[in-house]
Structure formats: structure tokens, C-alpha cells
Amino acid sequence: MNYRDTRAGELTREDAGRTVQLAGWAARIRDQGGVMFVDLREATGVVQVVIDPASHSQAESLRREFCISVSGEVSLRPAGSENPDLPTGEVEVVVSELHILSASQALPFQLDERADVDELVRLRYRYLDMRRSRVAANLRARSVAVAAMRRVLTEAGFLDIETPTLIKSTPEGARDVLVPSRLQLGDFYALPQSPQLFKQLLMVGGFERYFQIARCYRDEDFRSDRQLEFSQLDIEGSFWGRDDVLATIEAVMVAVARDVRGVELATPFPRLTYQEALDRYGTDKPDLRFAMEIADLSDHFAATEFNAFASALESGGVIRGLNVGAAGLSRSGLDALVDDAKQAGAAGLVWMVVEDDGSLRSPVAKFLSADEQAALMEALAGTPGDHLLIVADRARIAAEVLGRFRTRFGSPEGHDELNFLWVVDFPVFEETPGGELVAAHHPFSAPVDVEDMATSPATAIAQAYDLVLNGSELGSGSVRIHDPDVQQKVFEILGISPDEAERRFGWFVEALRYGTPPHAGFAVGIARLVSILQGEPNIREVIAFPKTQTGVDPLTGSPSPVDDHQLAELGIALRPEVQAARDEAAGSGAD
RNA sequence: GGGGGCGUGGUGAAGUCAGGAGUUCACGCCGGCCUGUCAAGCCGGAGGUCGCGGGUUCAAAUCCCGUCGUCCCCGCCA
């Protein structure tokens, strides 16, 4: 049986007079008694079909979201009854034959856009949710984006090569998702956090240009831009340096923005060094859609009488300020900022409000000299009503605290503008809140100078870079180490003992010993990119079947218990305390 | 691990601060009317253990304690 010969969304006045067969869903039914109008929706769009209930006995049983097939003549709508809001609104199909292909129960929620349905309900019935325009448009945009990526890279000579998803666990970085092995009882695979080492092996293998839409897994807590599993556009190239990578990714982003948004991005994207980004914006992923820069005030307070400032400077700290504009906060609102700053690790926060006469209102204004106040007003370009926030602390903390306030007070709503940015020259090591140095990257990124890395770890720079869009980290990459001796030395400096390095990465270092070309690469989070292009607040909106914050899929009910024999076959037993907790939860009947 | 928001017929909300009969509104659903509608309209009807458990009270959607779910954030994400 043929279901259709024409697509609903493609009908125009040119089709008037044709007899067509359509199939789709009854999106809306307007029953006038003597005549019924049904909006027939399918993947290409919507068209109105007209049914005479007297000549179609099934018409009266027709309900929303029934799947139907109709035959009939396309005709121009009577003058005055055209619908300008509908692309097919000039025509309608007068039904001569109606088939109900599949009935629908009453829906758990309405498919029109008139209410924000609870997300849990949407996810439980995701197959219905995706009939709505929001998710449908997002998944289409995602497909368009991925198609553009594949097209640009394939035309540039890149090969799409799959890498394994059951791999060796390497316990640095994020927590691994583990998969037990039946054939090697007691051993486990890990799911890849990224195809990092495999793509480097492809370079050793001589492919020179690789890409993949790679599924990755990181078992960390969820955020609006983080899921347990996610897809990255992963690329790697041989005989490449940093700028080759940036230019390639820029070309991909230009094509994606053009195809998804219809906008032309200007290239090259601006670049900031990590240090600049931190000093001026307080974060390594600044949103440059708005200015609001952090100013260093240390020099202006070199001789200050104000104790909090003086002691911060004395102990090697800095004084930095931010003008968040006329936010109109009350006294208690301003004091709440102080608590937020302390929460973020700062010793304190000084707020000042610029009065109409240009003077400063603040609990600590009386401790500052007239000259200091004037310098402050000038450095922060204060105008009446502005709120000035000042932190005196270690540079890292001052940057972080003010960076958060900058984002809170400055971020535009939505994502109409696209502001791409490269952040380059990341440090090799990062300082923890406790002041300790820890590796900022995976151990395969090349330092600018490996000797420098050993002798001055606090200031050593890596050949690593991030792509930032509207204040979100879209992805990161680096020039890789291709010299096995450098690689071993880097392991050593990072505190990985030779034994440990051999056990975990010996197979990889061995590969580097067979004429490895210099190479570099990058990875872009696809859902993050598409969610911003689509103006969505979280990545679940651009994922077909996402999980909730607790890692649950409300549709299928995963994760779930498995049969005892499945566990036995894998040599696995739940630990007694885990079993006991599960038994108790089951016994109490708690929901 | 921590902080915060939310949970009321199928859906969305009001009611919760300040306790007094499951009260209200919109949509949906079911039935009826209707030959030009298009988020159709009009009339009628059904539908809720106020997430769950405990406590306070003569009385709890409302106050208290606990718990579950969900969302946002911090930690975490080499």
C-alpha cells in the first residue's frame, strides 16, 4: 500500500487541481459539524485538509495525533479564508479518502507551545516531546551542524575514522565509566573520556588528517551543559602547529554558523592569552559580548591607610575592582554580595555606590583618602548609580570572585549574538584554592619549553588553547608531544613515576618511538555549540534522549538492576552495604 | 558532599507567608450543538490521597521534622 505521494509542507497554489495523497498526524482538529478541518502535520510541515464527515464514517472517531493518510484534491482556499501564518496557507486538500493508520491515546501533555511542561514529563514521553517544534527544530539544527562539519572536513581531506569505545582505563582526569569483561573475569574496560590517544596513534599511523563525531563519557556530576555521555567533533592533524588547528576549526565554525544561523562569522576569531583573560575578565572563558573589565587598583592603594587593602598588598596580593553598573541594589542586596564573595573564597568584598554628586557611599569610604577615591572613580569610570566592587586578595581569588560578578551582572539574555574567542597560552599547571599546583591538562600536551616546565612550573606555558563562545567553553586542544623522551620527562614532572607511566602509557610511548610526526588537534562539544546556536539554556534541549541530573533516563528507566546470573557471569557481587541499602529502600516503599 | 528553587485533577498555574470543607482559573479529556475554521466557538460532564512518611493542632495543601523526585549553582569535570 502506498501511504503518500506528496509532502504536506511543500504544497503551494501551483499544486491546485492536483490529486494528492498525504500521510501524517492530525495535529489539530476543528470540527464545525458539517465540515471538519484537520491540520495534517508531518516532517516537512503542515497543511489543512477538509473532511466532510457525512461521507467519511471514521471522521467522527478522529482525535489529536492520530496517524492518518488522506487522498484528495488540492484546491485554493475560498477567498478570505487563507491563512497567512501557514506556509501552505493558500491551499487546502479536500479529502476524498481517509484512512486511520494508527490511533492515539489521549496525550499526557499538550503538544502546542502554550505551556512549559515539566521536563520530567517531557523526557518520560520524549517521543511525543520531539513532535513539538522546539525539540524538532533543535535536532534538525544539530543534524545541519554535524553535516556542515563533515562536509568542510571531508573536502579538506580529513578522514572520518572510528576509534574504540571499550578501552583501557586511565584513572587521571574525570571518573571513568567502567564496563566489566566476561572473557577476562575481574578486568574492566573504560568508556573513553575522549579518543585522545587513539587519534594520536592515527597520526603515528600516517593518516595526517583525522576527524570523528566521537561519543565520550565522563562520570562526573551533571550541569546544564554536562551529561554523562556527549559527542565531540574530534580532529587531529600531522605536521601541524597551533595556527593550523585554529584555522581549521574556524572554517568549520563559519560553515556551521552559516548553515544553522545564516550568519557570516568574521575570521580570524580574536585571541586572548589565558593570563589576559583572567586579569581582565576573571575567567578563562570570558563572555566578550559585553565589556565590563576588571581593573587592577593595586598601584592606587600602594600607600593606603585602609588595613584590609594594605595587608593584602603586603602579603603579595592584589586589589582589583569591577564596575557592575547601576544595578540598583539595596543595602541588603549589596551586603549579600559580600557573603557570595566569601563563599567563593575571598576574605571579603568592598562595595561602593556612586552618588549623584560623584561621592562614594560605602561602609569603608571613610578609610579611603580623597585621592584614593578619585583614582578609584577614574579607574572604574564610575558614574552616578554605579556599583563598584573591590576585592583585595590573592590574584587568583580576586579574579575568580570578580569574574563571577561580571558574569552575573553583565551577561546578556539569550544568544542572538555569537562571540567566538580563542584563549591561548594556557599554563601547564593550575593553582588549587589551597595554593597547590596541579596539571591543568592531560599529560600529552606539549609545553612551550620542557626545561622551563621543570624549573618554573608556576609560570610554564603549554601549547594548549580553548575555543569560547558567549562565555561557554566549547572545546579545547593542544599541540601534542611527539618526542618520546619529552613525553617521559613530562610524566616525571607531572609526578607520574616511571613505573606508573610504563604501566599505564607504556604502549603509547612505545608508539611514539616509531617516527611520530609533529601533530596537534582539537575537540568541540557538539551539544554545547548547538544549544548556543539555538538559544537554548541547556544541552538537554539539543539531545534526543537526555538523562536527568541524577543520570536517570525517565523514558527507559535506566540505570536499572540486572539479573543475578548476569552479575555472576561477570564475577561481580554488590557489596553488602550496597545490597543492604537497596533492600531497605525497597522495603520502605519510599517513592 | 554542600547551597538554593520547585512538587496542587492529564497539562500549566493561583491558593502556602497569615491553618478552617479539595476552593479557583486556563488548557486538555468525554458528551452535545454547529458548513469556513485555523491555539475554532457555544453548552454540559467527568477527573485530585495537594510527591511520600511522621509530628504539632479541635482542624494541615498551608506550620515543623524527615524523605523522594526534579531543576540551578559550588565542589567535581587531567
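Values in this document were obtained by computation on a predicted structure and should not be read as measured data. Per chain, numbering begins at 1; letters A, B, ... match sequence-line order.
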Report summary line: Paired to B/C42 by Watson-Crick or G-U wobble criteria (both distances under 3.5 Å) is B/G32
Query raised in the report: Do A/R114 and B/G28 have a side chain to base donor-acceptor pair shorter than 3.5 Å?
Result: no
Query raised in the report: Between A/F444 and A/F505, is the gap from one ring center to the other below 6.0 Å?
Result: yes
Report task. In whole angstrom, give me the gap between the C1' atoms of B/A26 and B/C64. Result -> 34 Å
Requested in this report: Remember a base hit wins even if backbone is also touched, and classify A/A440 as base, sugar-phosphate or nothing at under 4.0 Å, heavy atoms.
Outcome: sugar-phosphate
Query raised in the report: Between A/D129 and A/R132, is the closest basic N to carboxylate O distance under 4.0 Å?
Result: yes
Query raised in the report: Considering only side-chain heavy atoms of A/A106, which listed nucleotide, B/C29, B/A78, B/C34, is closest?
Result: B/C29
Query raised in the report: Taking the same atom, P, in B/G48 and in B/G10, what whole-Å distance lies between them?
Result: 7 Å
Requested in this report: Can you check whether any acceptor in the base of B/G75 is under 3.5 Å from a donor in the side chain of A/D221, or vice versa?
Outcome: yes
Query raised in the report: Ring of A/F109 versus six-membered ring of B/U11: centres under 5.5 Å and planes under 30°?
Result: no
Report summary line: The side chain to side chain contact (heavy atoms under 4.5 Å, CB included) partner of A/V95 among A/M36, A/E73, A/H56 is A/H56
Report summary line: If pairing means Watson-Crick or G-U wobble with both distances under 3.5 Å, then the partner of B/G20 is B/C58
Query raised in the report: What nucleotide among B/U70, B/G75, B/G36 has an atom nearest to a side-chain atom of A/Q32?
Result: B/G36
Requested in this report: Give A/T170 one of three labels, base, sugar-phosphate or nothing, depending on what nucleic acid heavy atoms sit under 4.0 Å from its own.
Outcome: nothing
Requested in this report: For B/C27 and B/G5, measure between their P atoms and round to the nearest Å.
Outcome: 32 Å
Query - Check: B/C77 base within 3.5 Å donor-acceptor of A/R226 side chain - result: yes
**Report entry** Pair A/D39 + A/R30, salt bridge at N-O below 4.0 Å
**Finding:** yes
Query raised in the report: How would you label the contact of A/E92 with the nucleic acid (heavy atoms, under 4.0 Å): base, sugar-phosphate, or nothing?
Result: base
Query raised in the report: Could a donor-acceptor pair under 3.5 angstrom be found where the side chain of A/R77 meets the base of B/U37?
Result: yes
Query raised in the report: With distance as the sole criterion, do the side chain of A/R404 and the base of B/C74 form a donor-acceptor contact below 3.5 Å?
Result: no
Query raised in the report: For A/R540, which contact category applies under a 4.0 Å heavy-atom criterion: base, sugar-phosphate, or nothing?
Result: sugar-phosphate
Requested in this report: Sticking with atom P, work out how far B/U62 lies from B/G55, rounded to a whole angstrom.
Outcome: 14 Å
Query raised in the report: Between B/A21 and B/C17, how far is it from one C1' atom to the other, in whole Å?
Result: 22 Å
Query - Matching residue for A/R480 among A/Q487, A/E236, A/M203 - test: side chain to side chain contact (heavy atoms under 4.5 Å, CB included) - result: A/E236
Query raised in the report: How is A/D116 classified with respect to the nucleic acid when contacts are heavy atoms under 4.0 Å: base, sugar-phosphate, or nothing?
Result: sugar-phosphate
Query raised in the report: Which nucleotide, B/C27, B/A78, B/G36, lies nearest any side-chain atom of A/S81?
Result: B/G36
Query - Pair A/R223 + A/D225, salt bridge at N-O below 4.0 Å - result: no
Report summary line: Partner of B/G47 under the Watson-Crick or G-U wobble criteria, both distances under 3.5 Å, comes out as none
**Report entry** C1' atoms of B/A61 and B/A78, separation to the nearest Å
**Finding:** 49 Å
